[in-house]
Participant: 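Pasting a structure here, questions to come.
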Amino acid sequence: MNNNDVTSQDSTNGHHAGRGGLFWFLGTYVFARDHKIIGLQFLFSTLIWMIVGGLLALAVRWQLAWPWSNMPIFGALLFSAEGGQISPEFYNVLFTMHATIMIFFVVIPILAGAFGNYLIPLMVGARDMAFPTLNMMSYWLLWPAFGCMIASMWVPGTGPSAGWTSYPPLSVLFGEAQGLWLLGLIFSGIASMMGAINYITTIIQMRAPGMTLLRMPMTVWGMLITSILQAFALPVLTAALLMLLSDRMFDTSFFLAEGLETPAGTRLAGGGEPLLWQHLFWFYSHPAVYIMILPAMGMVSDILSCFCRKPVFGYRPMVFSMCAIAGMGFIVWGHHMFISGMNYYLSVSFLISTMLIALPSGIKVFNWLATIWGGKIEFSAAMLFALGFVSMFIIGGLSGVVMAVPPIDIMIHDTYYIVAHFHYVLFGSSIFGVFAAIYFWFPKMFGRTMNEGLGKLHFLISFIAVNCTFFPMHFLGARGFPRRYADPYVVEEFRDLLPLNQFITYAAIAMAAAQVLFFLNFFGSLFFGKRTTENPWHANSLEWSVPSPPPHGNFDFQPIVYRGPYEYSVPDRDEDHWPQWVE
Amino acid sequence: MAAFNIWPLQGLWLPDNYSETGRTIDHLWTLLHTICAVIFLVTGIVLAWALWRAGTGLNKATYFTHNTRLEIIWSIIPGGILVFIAIYQMQSWNENKLLHPKELVNGVSVSRPPLVRVVARRFSWEFHYPGSDEKLETIDDLYFENEMVLPYGEDVVLQLESRDVIHSFFVPKLRVKQDIIPGHAQMIWFQATQEAEVALVCAELCGWGHYAMQGRIKFVSRAEFDSWLTKQMELKSLSQKGSAASKGGLVQTSLETVSINESGQ
Ligand code: HEM
Ligand SMILES: [Cu+2]
Ligand SMILES: [Cu+2]
């Protein structure tokens, strides 16, 4: 860490005592309030959780390829009670926890928590976040949240098994562990809310002189819009979660109609409405899907621009598209409920708003293509993953439009077609975006570069495996193959789909193997990577003006911003980049 | 459709369709995937070309930041396509979910009443037919589990109910899916086009046995249907007289009592 005189003027940053000693260690690395340390804490934790979520996914795939057969290694560890075999109850736990962990503990916190934290102050030219203590708490709240989740899996009986969507009455009437699961989700929601408030304040209030809103890198725009979505949508989810918890614990009936048959006999109380949960849940969770991609879109825009040595094409339309996506994201939730039994005239209005929101998504794709067009491209690992992001988003966006047509959704709702769609956008896009960002900003974070060769191999295998895993799922869905089936082959019509499912599982295993390469590269490079300078990619934004890794307090002097972040290959200039901080 | 009948994709597209309104869904499906394939190819070619060109030794990138005309064009064209899709699909949605079939009673057009009451509970389907009084929810209703016989060639309305959690009535070969919310009675309708036996599956997670919650639906001609139903009523009154039936006179039969020539799948 840097010497203290730099930071002494900034009392919010703590860090007053000298080095050494337990309290110094705890304050600096454990309960850190420096946004960079917190960002790295988020990064390391979410990477670990990603391994957990990935193993759960492999178990799901195992069951679909070789139903009821003993699973090697994990089977013995997890289901020794059943002799290494997955039970139908536990199958439901597996996909529920896979989705929960990947969404709430990997994609959301790695984008906003890790990269948001690390990059926002550096990119806008601030010394730290606006509220460092809140920032620290937002990270540390995730651990009790994760603890609840893991603990809930071991509750006697069955773990949480109502899906990540947790629809009542199932989630109220059945499953002892659902309460713990809800509690975990409430914690993680509060953590995200704290983060969101912090990011918004920092971006609005703490930009360096000259950093006008329209000179901010797309990454910062992505983070800002995401945080606004979080701040407005999460309270709704939190309220809904509390209502669901209350239905479970205090026998209220927000979401329960009267006269339901339960394991304990007919439930006389009622008067609630199961559909209300779906409205509240999707009112959050549709914006949440954009929470899970807007930051990645921002980071990918920056990476594309840097490795094409070209300005982002149509910066303003890109920003406006993001704002449009965010705004309209609040009025499209009904496309998850086309056949839920809600009023079918309402479906038509949700169809129209969904078609509208597809437009800015399309515009973003065209702008990325135009950014690449005519570039002088360096095919680094980061760039490859960014290109992967764009191509996978095209497929995911197109299948989104197909599903947004309500009559078609009659056929494919709750089938593997949907599973294909959201993995194209979440794995193919969001996670590829995250990989791109890791390869790109690793040198800044640790002062070393990751191994490019291994990175490219990681990309190659991942890219092929992602498509082999998720593309065939469209075909499964077309046949009507439902999601969340522990053994789909009990239905005669689906029996011939077994070989395809086995193919998918092999591809998924290959994909997991590619991630082993990534982890080796990541942790190996921490210690043995090539040392690097402050601006190895010759990029323009402010974080590249400071040493790698940046010192506590980030900037030795007040940075001043002279231009936007995309002045690459400006005609009449010898150097092909023109950083924001150079006059 | 035929284009997809090539070997690797054999049997990996939509399954056979036995429903009138399902045709509109299949039509939209083909149309949308054609549009998507075109857009995918165009964007893919542009991307590949841009990457290819970049590999051919430019020494400096071309500097341009925007192109208003181009941007207007590529906003309006996809916008137009999306608006077209939104309007074009309306008819199919109407037929499938909004226009409850009508029938003439004494010269007045009224909503067609449900033929069968479908009750979902973890993890089985119950099908209640009206008894000799031709009314549902009366004491002489007939009751079957997981197996349903219906007539083809006419609009069939079903009334869906759930006893416990949310289930979803999904018949892939009829292009019918409807979530069943406890507390709501939900109507669905379709018109089967031919004799067939199709799978009914549950498409909304309902617990550990979700995957096993399947039924079979057999479509027969109206005449066969009527005689089958009459026979079931007779069987029921017989068993009631014989007081052998313990469960309140409920009868369970299997589909074997209907003779149809199709040997399943
Ligand atoms: C062009 C933009 C998009 C459109 C038109 C679109 C449309 C849809 C529709 C209509 C559904 C509901 C399907 C159904 O349940 O029957 C859906 C599901 C889903 N979408 Fe998208 N989508 C788009 C982009 C995205 C993005 C960017 C993400 C995330 C990064 C995403 C994540 C999801 C997820 C997770 C689900 C499934 C939720 C569940 O049922 O578990 N989508 N999408
Ligand atoms: Cu959505
Ligand atoms: Cu069910």
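Naming convention: chains lettered A, B, ... in sequence-line order (proteins, then strands); numbering from 1 in each chain.
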Participant: Please flag which part of B:C206 lies under 4.5 Å from any non-hydrogen atom of chain A: side chain, backbone, both or neither.
Facilitator: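 Looking at B:C206, just its backbone touches chain A.
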Participant: Is chain A contacted by the side chain of B:V83, its backbone, both, or neither, given a heavy-atom distance below 4.5 Å?
Facilitator: neither
Participant: Got a sec: does the CZ of B:F40 have more than 12 other heavy atoms crowding it under 6.0 Å?
Facilitator: no
Participant: Hey, are B:E147 and B:K218 close enough for a salt bridge, meaning a charged N less than 4.0 Å from a carboxylate O?
Facilitator: no
Participant: Is there a salt bridge (Lys or Arg N to Asp or Glu O under 4.0 Å) between B:E161 and B:R117? Walk through the geometry before answering.
Facilitator: CA-CA 8 Å; B:E161 294 164 31; B:R117 205 173 130 235; 3.0 Å; yes
Participant: Would you mind checking which part of A:P360 comes under 4.5 Å of any heavy atom in chain B, side chain (CB onward), backbone (N, CA, C, O), both or neither?
Facilitator: neither
Participant: B:I85 versus chain A, heavy atoms under 4.5 Å apart: side chain, backbone, both or neither?
Facilitator: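 The side chain, not the backbone.
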Participant: In terms of heavy-atom proximity below 4.5 Å to chain B, should A:F255 be classed as side chain, backbone, both, or neither?
Facilitator: neither
Participant: Is it true that the side chains of B:S168 and B:D179 contain a donor and an acceptor less than 3.5 Å apart?
Facilitator: yes
Participant: Under 4.5 Å heavy-atom distance to chain B, tell me which part of A:E273 shows up: side chain, backbone, both or neither.
Facilitator: side chain
Participant: Can you say whether A:A370 sits under 4.5 Å from chain B via the side chain, the backbone, both, or neither, judging by heavy atoms?
Facilitator: both
Participant: So B:W29 and B:H33, would you call those rings parallel, tilted or perpendicular, with 30° and 60° as cut-offs?
Facilitator: tilted
Participant: Between B:K173 and B:Y18, is NZ or CZ placed under 6.0 angstrom from the six-membered ring centre and within 45° of the ring axis?
Facilitator: no
Participant: Would A:R479 count as a cation-pi partner of B:W13, with NZ or CZ less than 6.0 Å from the six-membered ring centre and within 45° of the ring normal?
Facilitator: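 Negative - A:R479 is either too far from the ring of B:W13 or too far off its axis.
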Participant: Above 12 or not: heavy atoms from other molecules or residues under 6.0 Å from CZ of A:R316?
Facilitator: no
Participant: Between A:T262 and chain B, with a heavy-atom cut-off of 4.5 Å, which part of the residue counts as in contact: side chain, backbone, both or neither?
Facilitator: neither
Participant: Check each atom of A:F313 against the heavy atoms of chain B and say whether the ones under 4.5 Å are side chain, backbone, both or neither.
Facilitator: both
Participant: For each of A:P482, A:A486, A:A257, tally heavy-atom pairs with chain B at distances under 4.5 Å, and name the one with the top tally.
Facilitator: A:A486
Participant: What part of B:I181 gets closer than 4.5 Å to chain A, counting heavy atoms only: side chain, backbone, both or neither?
Facilitator: side chain
Participant: Taking C-beta and beyond as the side chain, do B:I25 and B:S92 meet within less than 4.5 Å on heavy atoms?
Facilitator: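 In contact.
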Participant: Of the backbone (N, CA, C, O) and the side chain (C-beta and beyond), which part of B:Q214 lies under 4.5 Å from a heavy atom of chain A, both, or neither?
Facilitator: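 Contact with chain A: side chain only.
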Participant: With a cut-off of 6.0 Å (strictly less than), are more than 12 heavy atoms of other residues, nucleotides or ligands near CH2 of B:W208?
Facilitator: no
Participant: Between B:G209, B:G79, B:A199, which has the largest tally of heavy atom pairs under 4.5 Å with chain A?
Facilitator: B:A199
Participant: Output the option from A:Y91, A:F366, A:F494 having the highest count of non-hydrogen pairs under 4.5 Å with chain B.
Facilitator: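 Ranked by heavy-atom pairs under 4.5 Å with chain B, first place is A:F366.
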Participant: For side chain to side chain contact (heavy atoms under 4.5 Å, CB included), just list the numbers for B:T62 and B:F64, CA-CA rounded to whole Å, side-chain angles, deciding distance to a tenth of an Å, and then say yes or no.
Facilitator: CA-CA 6 Å; B:T62 26; B:F64 55 92; 4.0 Å; yes
Participant: Contact part of A:L356 toward chain B, heavy-atom cut-off under 4.5 Å: side chain, backbone, both or neither?
Facilitator: neither
Participant: Counting only non-hydrogen atoms closer than 4.5 Å, does A:N367 touch chain B with its backbone (N, CA, C, O), its side chain (CB onward), both, or neither?
Facilitator: both
Participant: Is NZ or CZ of B:R53 both nearer than 6.0 Å to the six-membered ring centre of A:W373 and within 45° of the ring axis?
Facilitator: yes
Participant: Side chain from CB out, backbone as N, CA, C, O: work out which of these in B:H184 comes under 4.5 Å of a heavy atom of chain A, or both, or neither.
Facilitator: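 Interface part for B:H184: side chain.
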Participant: Quick check on A:R495 against chain B: is it the side chain, the backbone, both or neither that has a heavy atom closer than 4.5 Å?
Facilitator: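 The answer is neither part of A:R495.
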Participant: Out of B:G22, B:S162, B:A86, which one racks up the most heavy-atom pairs below 4.5 Å with chain A?
Facilitator: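 The candidate making the most pairs under 4.5 Å is B:A86.
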Participant: Can A:Q278 and A:H336 be said to form a side chain to side chain contact (heavy atoms under 4.5 Å, CB included), step by step?
Facilitator: CA-CA 9 Å; A:Q278 298 184 22; A:H336 298 272; over 6 Å; no
Participant: Tell me whether B:D155 is salt-bridged to B:R112, with the criterion being a basic N under 4.0 Å from an acidic carboxylate O.
Facilitator: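 Looking at B:D155 and B:R112, the cut-off is not met.
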Participant: Is it true that the NZ or CZ of A:K310 lies under 6.0 Å from the centre of B:Y63's six-membered ring and within 45 degrees of the ring axis?
Facilitator: no
Participant: Is A:H474 close to chain B through its backbone or its side chain, or both, or neither, when contacts mean heavy atoms under 4.5 Å?
Facilitator: neither
Participant: Under a 4.5 Å heavy-atom cutoff, which of B:T24, B:T43, B:L31, B:I35 has the most pairs with chain A?
Facilitator: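 Max contact count across the listed options: B:T43.
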Participant: Check this for me, if you would: do B:E95 and B:R23 make a salt bridge, where the nitrogen-to-carboxylate-oxygen distance has to be below 4.0 angstrom?
Facilitator: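 So B:E95 does not pair with B:R23 through a salt bridge.
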Participant: Pick from A:L387, A:I394, A:I372, A:V570: which one has the most heavy-atom pairs with chain B under 4.5 Å?
Facilitator: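 Of A:L387, A:I394, A:I372, A:V570, A:V570 has the most heavy-atom pairs under 4.5 Å with chain B.
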Participant: Heavy-atom pairs under 4.5 Å with chain A: which of B:R163, B:H66, B:M213 has the most?
Facilitator: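 Among B:R163, B:H66, B:M213, the one with the most close pairs to chain A is B:R163.
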Participant: Is it the side chain or the backbone of A:V401 that comes within 4.5 Å of chain B heavy atoms, both, or neither?
Facilitator: both
Participant: Would you say that A:F471 contacts A:F475 through its side chain, given a criterion of any heavy-atom pair below 4.5 Å between the two side chains?
Facilitator: yes
Participant: If I measure from the heavy atoms of chain A, does B:N94 come under 4.5 Å with its side chain, its backbone, both, or neither?
Facilitator: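 No part of it gets close to chain A.
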Participant: When only pairs under 4.5 Å are counted, which of B:R121, B:M90, B:R122 shares the most heavy-atom pairs with chain A?
Facilitator: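 Winner by heavy-atom pair count: B:R122.
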Participant: With chain B, which of A:P488, A:G480, A:P88, A:P407 has the greatest number of heavy-atom pairs at distances under 4.5 Å?
Facilitator: A:P407
Participant: Please identify, among B:T68, B:I180, B:L47, B:V198, the residue contributing the most non-hydrogen atom pairs under 4.5 Å to chain A.
Facilitator: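 With the most close heavy-atom pairs to chain A, the winner is B:L47.
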Participant: Which answer fits A:I412, side chain, backbone, both or neither, if we ask what part of it has an atom under 4.5 Å from a heavy atom of chain B?
Facilitator: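 When you check distances to chain B, atoms from both the backbone and side chain of A:I412 fall under 4.5 Å.
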Participant: Assess whether ring-ring contact (aromatic ring centres under 6.0 Å, His included) is satisfied between A:Y568 and A:H577, documenting all intermediate values.
Facilitator: CA-CA 4 Å; A:Y568 294 105; A:H577 69 299; 7.1 Å; no
Participant: Below 4.5 Å from any heavy atom of chain A, which atoms of B:Q178 appear? Answer side chain, backbone, both or neither.
Facilitator: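 Both parts, backbone and side chain.
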Participant: Measure distances from A:N92 to the heavy atoms of chain B and classify the residue's part below 4.5 Å as side chain, backbone, both or neither.
Facilitator: side chain
Participant: Of the listed residues (A:Y344, A:Y345, A:Y167), which shares the most heavy-atom pairs with chain B below a 4.5 Å separation?
Facilitator: A:Y344
Participant: At a heavy-atom distance under 4.5 Å, which candidate from A:M411, A:R483, A:R484 has the highest pair count against chain B?
Facilitator: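 Among the listed options, the one with the most contacts to chain B is A:M411.
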Participant: Which bit of B:V171 comes within less than 4.5 Å of chain A, counting heavy atoms only: side chain, backbone, both or neither?
Facilitator: neither
Participant: Measuring heavy-atom distances to chain B, does A:L359 have an atom under 4.5 Å in its side chain, in its backbone, in both, or in neither?
Facilitator: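 Both parts, backbone and side chain.
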Participant: Is it the case that atom CH2 in A:W68 sees more than 12 heavy atoms from other parts of the structure closer than 6.0 Å?
Facilitator: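 Atom CH2 in A:W68 is packed in, count exceeds 12.
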Participant: Is there a salt bridge (Lys or Arg N to Asp or Glu O under 4.0 Å) between A:E493 and B:R216 once you walk through the steps?
Facilitator: CA-CA 11 Å; A:E493 275 82 348; B:R216 312 285 310 172; 3.2 Å; yes
